[in-house]
Amino acid sequence: MSRVTARRPTRRITAAGVISRPDTLAVEEPLELRIGGTALTVTMRTPGHDIDLAHGFLFSEGIIESADDIVSARYCAGTDDQGRNTYNVLDIELRTPVPIRPRGFVTNSSCGLCGTTALEQVRTRSRFRLPAAAPRIDPAVLAAMPGELRSRQSVFDATGGLHAAGLFTPDGRALAVREDVGRHNAVDKVVGWALREGHVPAHDTVLIVSGRASFELVQKAVMAGIPVLGAVSAPSSLAVDLAADSGLTLAGFLRGETMNIYSGVDRIEPDAPAATGT
């Protein structure tokens with residue numbers, strides 16, 4: 001069994017009776033990120049693509065500006081009760097040392113930041129201005145991207161318990177797809193991949209996420225220069241505010257042939273006649 005899935009006993013109750021059998025679950029383990037041996041933060045994640053996760057996280061937080069800022073990334077010694085390396089501590093060596101203050105990077109409704117302050121922080125930290133009205137995307141192509149993302153969720157197929165994020169070309173070709181128990185981790189893994197592949201700023205891409213679009217996910221897209229974010233579920237109010245403020249196209253409820261465009265509608269090709277509604 002791989003480290004991304006694990007088996008646990010379960011009792012399944014059905015109309016026909018009770019069945020005792022093992023179930024396949026998504027693995028959730030802590031990853032401690034260190035900078036030059038100093039603990040920075042701990043995130044709960046699904047093991048796999050940890051190097052991409054570290055790159056995406058450090059970039060989104062403004063600690064690095066490019067993949068060249070990282071000299072090395074290595075797993076530190078750490079073993080489980082059977083003496084096996086846990087691969088749950090990753091130490092990053094930066095080319096230029098920066099002061100490190102251990103922190104949790106938790107942003108939620110109780111963090112004390114108002115919407116105006118949060119938007120201003122992203123404006124200050126973002127290095128890339130999103131291209132105006134580009135790329136242009138056929139709504140039918142955008143609507144098909146969640147299905148393509150879903151078809152590449154191999155661990156979700158086994159567990160039903162993972163989020164996914166995918167980076168696509170405007171014509172619908174998948175560049176990278178990552179899964180994780182945390183939606184923000186899945187996006188960090190995709191952004192980290194793009195950073196390491198030299199695709200940042202990712203001005204000619206579309207980011208698709210399998211769940212809702214939070215402020216944090218819009219922030220990560222803006223920081224990476226991704227101009228279009230599509231979500232299968234709903235966005236939050238602050239996510240819409242940040243998208244509009246940053247010039248990002250934000251689409252929600254991407255299901256079947258329908259979607260809601262909350263900002264940046266100029267990038268969506270008007271192939272169909274406008275319908276009226278209340």
Side-chain angles (χ1 to χ4, degrees), residues 3 28-79 85-108 111 113 117-118 120-130 165 167 175-203 205 207 214-226 242 246:
R3 290 187 69 235
E28 181 178 26
E29 292 183 355
L31 176 66
E32 178 181 324
L33 291 180
R34 297 179 181 175
I35 303 295
T38 300
L40 175 67
T41 191
V42 175
T43 183
M44 301 302 296
R45 97 309 188 190
T46 300
H49 303 290
D50 289 337
I51 304 300
D52 286 344
L53 172 58
H55 278 72
F57 178 83
L58 296 177
F59 176 80
S60 296
E61 295 300 328
I63 295 174
I64 64 172
E65 294 185 352
S66 74
D68 291 337
D69 291 337
I70 293 180
V71 175
S72 65
R74 64 180 181 85
Y75 289 102
C76 300
T79 58
N85 194 319
T86 61
Y87 297 99
N88 284 339
V89 181
L90 190 62
D91 192 26
I92 308 295
E93 181 184 352
L94 299 180
R95 191 169 303 279
T96 303
V98 298
I100 296 300
R101 176 176 58 86
R103 41 196 160 168
F105 290 104
V106 176
T107 301
N108 54 40
C111 69
L113 293 177
T117 302
E120 183 57 36
Q121 284 190 351
V122 177
R123 290 192 202 104
T124 302
R125 292 164 52 195
S126 180
R127 298 173 52 233
F128 308 117
R129 182 179 297 276
L130 298 180
L167 200 62
L175 298 172
V177 171
R178 298 289 184 265
E179 294 181 280
D180 201 279
V181 289
R183 61 173 60 87
H184 57 289
N185 288 337
V187 172
D188 277 338
K189 289 177 178 181
V190 167
V191 171
W193 173 88
L195 190 69
R196 298 207 300 142
E197 292 294 320
H199 290 322
V200 172
H203 284 162
T205 64
L207 178 64
S214 64
F215 170 85
E216 185 179 27
L217 300 194
V218 173
Q219 172 188 352
K220 291 178 185 296
V222 171
M223 292 288 290
I226 300 171
L242 177 57
S246 304

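In this chain, numbering begins with 1 at the start of the sequence shown. Keep in mind it's a predicted model, so treat the numbers as computed, not measured.
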* Got a sec, which residues hit side chain to side chain contact (heavy atoms under 4.5 Å, CB included) with E32, two or more places apart in sequence or on another chain? -> R34, A39, V42, V89

* Which atom names give the shortest non-hydrogen contact between V187 and L217, and what distance separates them? -> CG2-CD2, 3.8 Å

* Structure fact -> Taking every heavy atom of T43 against every heavy atom of H184, the minimum-distance pair comes out as OG1-NE2, 3.9 Å

* Structure fact -> Applying side-chain hydrogen bond (donor to acceptor under 3.5 Å, both in side chains) to D50 and not counting sequence neighbours gives R45, Y75

* Asked: How far does NE2 of H49 sit from CZ of R178, to the nearest 0.5 angstrom?
  -> 4.0 Å

* In Å, rounded to the nearest 0.5 Å, how long is the span from CD1 of I35 to OG1 of T41? -> 10.5 Å

* Asked: Between atom OG of S72 and atom CD1 of I92, what is the distance when rounded to the nearest 0.5 Å?
  -> 7.5 Å

* Look up atom CD1 in I64 and atom CD1 in I70, then write down how far apart they are to the nearest 0.5 Å. => 4.0 Å

* Applying salt bridge (charged side-chain N to carboxylate O under 4.0 Å, His left out), which residue pairs with at least one partner in residues 183-194 are found, sequence neighbours left out? -> D180-K189, D188-K220

* Scan V181, L31, L53 and name whichever one has a side chain to side chain contact (heavy atoms under 4.5 Å, CB included) with T46. => V181

* Assess whether atom CZ of R129 is packed by more than 12 heavy atoms of other residues, nucleotides or ligands within 6.0 Å. => no

* Supply the atom-to-atom distance L94 CG to D68 CG, rounded to the nearest 0.5 angstrom. => 12.5 Å

